[in-house]
Amino acid sequence: MDVHASPTALPELAEFLATFQVRFRRPEGEEALERYLTGLLTEVPNKNCDTMAAAVPGTSEQRLQEFLTNMHWDEQDLNRQRVEKMIAEATIGQGVRIVDDTGFATQGKASVGVARQYSGTLGKVGNCQVAVTCCYSDPQASWPVAVRLYLPQEWTEDPARCVKARVPTDMPFQTKPQIALELLDQARAWGVPHRCVVADADYGDNPNFLAGPDMRQERYVVAVRSDFQVRLQQWDAPSRQRAAQVLAALPRCQWRTVRWRHGTKGWLRKTFVAVRGWRITAQGEAPIGWVVGERAARGQSEEHKYYWSNLSASATLEELAQTAHCRHAIEQFHEEAKEELGWDQYQGRLWPGGHRHAVTVMLAMSFLRCLELRQRHNHPQRGRPRDPFSPSARSVASHTPGRASGGGSLAAQPSGPLVGLDREIPGTLLTQDLTK
């Protein structure tokens, strides 16, 4: 594909970048940042320093590589400024913080963090790198907060290998749940507002991860596996049961259909039930919460999923179900960042370069999000507000509640309309403008 970007900075991009104070020691640093972002925003199919330099006038492969690996600038501070901007301009509150990880298939053994390890992205054990991510999502928009590369123990136990990859000398071995908790703490320190934390079963089924939000008095809804151990809030309940056993014993009449997002083929919906109970840990019982079950709705292939939440006793079944499915936003971030912005196409091997590339990818995505919100504000559509992450989808309609499930330990039914928070993220918006 013959792609050539504009030789000068787009006015919208220049305006966006002018809000940041990045301290470069060399005068060409600001231009290198703008040219690198422009390259990420083009339609170049493989976005590495070589291909972007060929498509973006006014720079070179050497200049872009220098920007990522050797120039003196603080990518963490730039990321903090970006988050502050997104809080001010792309946040309406009632959002969630989501944590997850994503893999990058990698050849060889030299790239920082690469190892034969399991990756949910690959769906198997393979030679790859894994990054832990944190994302924010509310009814208006979703945007990434932070990214940290996971270093397997074989790396942290090999100082010479870490020095060669320029890993910080004080970097200890940390599990992915430990990194996720640090990213959540970073989001809190930066003032990212939220009402809840959301994660998949790799984190929700990890007692050390769940202890983190409990200690921080954070609300959460996390996926768990079928053998998650609980005790129900009933005087005659067994002292320990698997989540699958608990939910399988509930009569079908207590399950309710909940829809949470309008997809390309109509409403996404499943049947759900929730009961109160205690999570069982090695130390005994943890604080009380909700055991949530999910099954296929009528006409769907049978599928069972399980969640655990410490939301209050007044939470509705719709609130629990819709919050659990907010996790879609971080999956969309991973997909968009890789397919549209070249996150997985970085060919460097160093810790600073990999994280600087991730920060500029998040910066590019935030630029697109701010531009989309501005266009939506300047050209509002008639009728109901459009689903912000799906150009053709309508806003979530009111859900007419069924009758109460009965029993004080079951989730209450809603008293009014509910708006789903799980959205789709649009693709790159500026392709035609950037590839002149």
Side-chain angles (χ1 to χ4, degrees), residues 22-25 29 32 36 48-50 61-62 64-80 99-122 124-134 144-187 189 202-203 206 208-209 212 334 337-338 342-363:
V22 187
R23 293 184 176 89
F24 290 103
R25 292 187 182 180
Y36 196 86
N48 54 61
C49 291
D50 183 23
E61 178 186 6
Q62 181 180 359
L64 297 180
Q65 287 283 9
E66 185 79 3
F67 165 73
L68 290 179
T69 59
N70 292 325
M71 279 190 187
H72 290 280
W73 60 283
D74 189 342
E75 67 275 7
Q76 183 76 344
D77 185 65
L78 173 58
N79 198 46
R80 175 192 59 79
V99 292
D100 199 359
D101 54 73
T102 186
F104 310 90
T106 308
Q107 301 296 322
K109 299 181 180 180
S111 296
V112 61
V114 68
R116 282 195 59 79
Q117 55 190 320
Y118 177 79
S119 165
T121 307
L122 303 178
K124 61 180 180 180
V125 173
N127 206 60
C128 63
Q129 298 164 292
V130 175
V132 182
T133 59
C134 178
V145 175
V147 168
R148 173 91 62 79
L149 190 66
Y150 166 70
L151 280 181
Q153 207 157 358
E154 66 183 71
W155 271 83
T156 57
E157 293 178 350
D158 189 342
R161 195 179 188 190
C162 288
V163 168
K164 189 174 182 179
R166 290 172 55 185
V167 176
T169 55
D170 59 348
M171 185 65 61
F173 171 73
Q174 290 180 300
T175 64
K176 289 188 278 290
Q178 286 174 324
I179 297 173
L181 288 173
E182 286 201 357
L183 295 185
L184 289 172
D185 287 341
Q186 186 67 81
D202 287 337
Y203 297 86
N206 186 300
N208 294 324
F209 175 79
H334 295 161
K338 292 177 182 180
W343 186 19
D344 60 343
Q345 293 160 16
Y346 173 66
Q347 294 182 342
R349 298 176 174 181
L350 305 180
W351 176 276
H355 285 87
R356 286 179 170 182
H357 175 67
V359 165
T360 52
V361 166
M362 292 189 289
L363 190 62

Self-check item: Smallest separation among heavy atoms of A187 and V145, with atom names
Solution: CB-CG1, 3.9 Å
Quiz item: What orientation do W343 and F104 show, parallel under 30°, tilted 30 to 60°, or perpendicular over 60°?
Solution: perpendicular
Quiz item: Tell me, do N206 and P177 make a side-chain contact under 4.5 Å, heavy atoms counted?
Solution: yes
Practice problem: Compare all side-chain heavy atoms of V112 with those of L151 and state whether any distance is below 4.5 angstrom. | Solution: yes
Practice problem: State which residue, out of R356, H357, R80, fulfils the side-chain hydrogen bond (donor to acceptor under 3.5 Å, both in side chains) condition with E75. | Solution: R356
Self-check item: CD on Q129 to CD on Q117, rounded to 0.5 Å
Solution: 8.5 Å
Quiz item: Do T133 and H334 have side-chain atoms, one donor and one acceptor, less than 3.5 Å apart?
Solution: yes
Quiz item: Roughly how far apart are R25 CZ and R23 CZ, rounded to 0.5 Å?
Solution: 12.0 Å
Exercise. Any chance you could measure T102, atom OG1, to L122, atom CG, to the nearest 0.5 Å?
Key: 8.5 Å
Quiz prompt | Considering all heavy atoms, the nearest G353-T69 contact | solution = CA-CG2, 4.3 Å
Quiz item: Are C134 and L184 close enough that some pair of their side-chain heavy atoms sits under 4.5 Å apart?
Solution: yes
Quiz item: Nearest heavy-atom pair of N79 and A146: which atoms, and what distance?
Solution: ND2-CA, 4.1 Å
Quiz item: Which residues pass the side-chain contact (heavy atoms from CB on, under 4.5 Å) test with E61, sequence neighbours left out?
Solution: C49, D50, A53, Q65
Quiz item: Looking at OG1 of T360 and CG of L68, how far apart are the two atoms once the value is rounded to the nearest 0.5 Å?
Solution: 6.5 Å
Practice problem: Quick one: closest heavy-atom pair of V114 and W155, and the distance? | Solution: O-NE1, 2.8 Å
Quiz item: Does a side-chain heavy-atom distance below 4.5 Å link E154 with R161?
Solution: yes
Practice problem: Working to the nearest 0.5 Å, report the span between CG of D101 and OH of Y203. | Solution: 3.5 Å
Quiz item: How far apart are the C-alpha atoms of D202 and K176, what are their side-chain angles, what is the distance that settles it, and do they pass the side chain to side chain contact (heavy atoms under 4.5 Å, CB included) test?
Solution: CA-CA 9 Å; D202 287 337; K176 289 188 278 290; over 6 Å; no
Quiz item: Under the criterion side-chain hydrogen bond (donor to acceptor under 3.5 Å, both in side chains), which of H355, Q186, E182 is the partner of R148?
Solution: E182
Exercise. May I ask you to decide if the ring planes of F67 and Y36 are parallel, tilted or perpendicular, using 30° and 60° as cut-offs?
Key: tilted
Quiz item: From I179 CD1 over to L149 CG, what is the distance, rounded to the nearest 0.5 angstrom?
Solution: 8.0 Å
Quiz item: Which atoms form the tightest heavy-atom contact between G348 and S111, and what is the distance?
Solution: O-OG, 4.0 Å
Practice problem: Please report the closest heavy-atom contact between K338 and G103, naming both atoms and the distance. | Solution: NZ-O, 2.8 Å
